Participant: 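Quick one: structure below, then a few questions.
Start at 1 and go down the list; that is how both ligands and their atoms are numbered. For clarity, every value in this text was computed on a predicted model and none was experimentally measured.
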Amino acid sequence: MSDVDDCVDFLQRLIRTRSMPGREGDIAALVVAEMERLAYDEVWVDEAGNVVGFVRGAADAPSVMFNTHLDHVDAGDPDDWPHHPFSGDIDDGCVWGRGAVDIKGPLAAQVHAVAGLLAEGERPPGDVYVSAVVQEEVGGLGARYMADTLRPDLILVGEPSRNELRRGHRGRVELHAHARGRMAHASMTELGRNPLTVMGRFLAALVDVELPEDPELGRATLAPTLLRTDQSSANVIPGEVLLTLDCRTVPGQTAESLRERLLPLLREAEIEGTETEILVPEYPRVSYAGYEMTYAADNPAHALPADHPAIRTASQVLSAALGGEPPVDVWRFATDGGHFAEAGLTVVGFGPGDDRLAHTVSEHMPIAQLALGLRGNRALALEWPAGYAAAG
Ligand SMILES: [Zn+2]
């Protein structure tokens, strides 16, 4: 089997192994077995359930960690897919299924790229870690744990980037706006205090709210996404309303600074007899390995400048390996890279797959693109850390 065929076969097995957040045990075992088969020096599962493969460096170049995750988002109704989401079918040169792009294609490319070096008797000049973490799709339990326990000199986040370079992304903060009024029979409006009226006024005010702009990442944005009341009956004025806001933040913005910015607008939207508050929700999570962590819905933004040595040297390596200088951009969505960057680590993004297909029913990975990702990752493992040391 060729390198690429072997990687495709692994990708198919990954897609056929379902791995919703909190239920990554089976896929973790699959990745461990694959790393052992491919003769990594050491393979382990940490306390949180993250899988780590280790290859010892031949010299003292900086260490690098290749990083992806084990979980995927819900596939929805399989009938909405052109191919069953857990089939791993190959059609017209592409591997289909949930996770083909986000994140099992990039995961397969990272695991096999580093193994390909070993198979040819080559050894990277610095230590290499290949990690696949748990619960990226629900706020990053695995990465939050890992950022405290493993500190490589460089991190390559493999989220899909069409084999281009990514140097950061906006953060994501979730806010809950609450309005409490007075419940009443809907035929007696004068007895109620309708909190939906408050939310309506608040929603209208949000349209004009000015948010900061970052020279690297663009403007922060804010989207109301969920609206819930304490009622399921259509003939009752609800007593309470909860509005969820999805905020995409730029560096310098925190959940608390956003809350302070928006609370006066909500207070202004109050009507007589109502009360309001904005909270940052906290979610308790437990990993399949039994590790527990409670964290706020607050994933940080991060960005390296375009001329940062880690970006410049990665670009040089990829230019030579892929035959052309890769475009450098930022991701639209948040990744685990924000947790690593917040811990003071240097994070660059590169992975096969079209990021615009992530979380859709059209998720598929062209095998040609997987092959390029494999080649790019392999060159990065071999040349990037030493190049970075020389440039720094
Ligand atoms: Zn992902």
Side-chain angles (χ1 to χ4, degrees), residues 10-11 14-15 17-24 27-28 30-31 48-52 65-76 85-86 88 95-111 113 130-147 155-172 174 246 248 285 287-288 295 297 299-302 329-342 347-365 369-370 373 376-377:
F10 182 44
L11 172 54
L14 289 169
I15 290 172
T17 309
R18 300 177 190 218
S19 55
M20 286 291 284
R23 307 215 300 263
E24 300 100 327
I27 202 165
L30 175 62
V31 175
N50 303 315
V51 177
V52 185
M65 178 166 76
F66 289 79
N67 168 261
T68 60
H69 54 93
L70 294 166
D71 57 324
H72 57 76
V73 293
D74 194 346
F86 301 105
V95 184
W96 279 82
R98 172 55 82 229
V101 163
D102 182 10
I103 184 77
K104 296 176 176 183
L107 163 58
Q110 290 192 347
V111 169
V130 180
S131 67
V133 300
V134 297
Q135 301 202 16
E136 189 269 350
E137 300 289 0
V138 291
L141 180 147
R144 287 170 194 261
Y145 175 88
M146 190 164 268
I155 295 187
L156 192 89
V157 167
E159 292 287 335
S161 71
R162 297 167 244 166
N163 291 325
E164 300 174 4
L165 281 168
R166 297 286 180 263
R167 59 192 181 85
H169 54 69
R170 296 180 299 171
R172 177 179 184 275
E174 210 175 294
D246 179 302
R248 301 297 162 142
R285 304 278 181 198
S287 78
Y288 77 89
Y295 44 83
N299 284 37
H302 80 99
D329 201 349
V330 294
W331 274 305
R332 299 299 302 272
F333 47 77
T335 75
D336 273 345
H339 299 303
F340 296 123
E342 191 167 67
V347 180
V348 172
F350 170 82
D354 188 336
D355 37 358
R356 292 162 295 199
L357 298 178
H359 301 196
T360 74
V361 297
S362 306
E363 237 190 307
H364 63 279
M365 173 66 74
Q369 210 176 125
L370 186 71
N377 277 318

Participant: Does Q135 form a side-chain contact (heavy atoms from CB on, under 4.5 Å) with R285? I'd like the steps, not just the answer.
Facilitator: CA-CA 9 Å; Q135 301 202 16; R285 304 278 181 198; 3.6 Å; yes
Participant: Is there an N/O/S atom in E159 at a distance below 2.8 Å from the Zn ion (ligand 1)?
Facilitator: yes
Participant: Can you tell me if, anywhere in H69, an N/O/S atom lies at a distance from the Zn ion (ligand 1) that is smaller than 2.8 Å?
Facilitator: yes
Participant: Quick one: does S19's side chain have a donor or acceptor within less than 3.5 Å of a partner on L70's backbone?
Facilitator: yes
Participant: Could you label the plane-to-plane angle of the H364 and W96 rings as parallel, tilted or perpendicular, counting under 30° as parallel and over 60° as perpendicular?
Facilitator: parallel
Participant: Near the Zn ion (ligand 1), is there an N/O/S atom from D102 that is less than 2.8 Å away?
Facilitator: yes
Participant: Quick check: do F340 and M146 have side-chain heavy atoms less than 4.5 Å from each other?
Facilitator: yes
